[in-house]
Amino acid sequence: MKLVEAQVEEPNEPAALPPLIIEYEKGKFYSYLQKELFAALKQSKINAFPAVIVLKGTTDYKLFMKHFGTVLFFVDN
């Protein structure tokens, strides 16, 4: 966890960490794979970080777009 915390606290190197992988299922967000990174981001009070959101089905996609489709933004360099 120390390595992750050190990387999260380094504002000049945002690309040093991989994007957060988040699963959206039945109206809830889960971060199963990167619990350490997620905890470090929360502890550092970082509220904007690159993420990949995984949707498993049509129902989840429709629910996600209904609630968050106009809130989240795709950013491309």
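In this chain, residues are counted from 1 in sequence order.
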Hey, any chance Ile53 and Phe68 share a hydrophobic cluster, counting ILVMFWY side chains that come within less than 4.5 Å of each other, even indirectly?
yes
Got a sec, which residues hit ring pair (Phe, Tyr, Trp, His ring centres under 6.0 Å) with Tyr61, two or more places apart in sequence or on another chain?
none
Cluster question for you: counting only ILVMFWY and a side-chain heavy-atom cut-off of under 4.5 Å, with indirect links fine, are Tyr24 and Ile21 together?
no
In one Ile/Leu/Val/Met/Phe/Trp/Tyr side-chain cluster, 4.5 Å: Val54, Leu33
yes
Going from CG on Leu17 to CD1 on Ile46, what distance comes out if it is rounded to the nearest 0.5 angstrom?
8.5 Å
Measuring from Phe38:CZ to Phe29:CZ, what's the distance to the nearest 0.5 Å?
10.5 Å
Of the non-hydrogen atoms in Pro18 and Gln34, which two are nearest, and what is the gap between them?
CG-NE2, 4.0 Å
When rounded to the nearest 0.5 angstrom, what distance separates CZ in Phe49 from CG in Leu37?
5.0 Å
Pairs where residues 44-55 contributes a residue and the test salt bridge (charged side-chain N to carboxylate O under 4.0 Å, His left out) is met, not counting sequence neighbours
none
Does the Glu25 side chain pair with the main chain of Gly57, one donor and one acceptor, at a distance under 3.5 Å?
no
Can you pull the salt bridge (charged side-chain N to carboxylate O under 4.0 Å, His left out) pairs that have at least one residue in residues 47-60, sequence neighbours excluded?
Glu23-Lys56
Between OG1 on residue Thr58 and CG on residue Leu63, distance to nearest 0.5 Å
12.5 Å
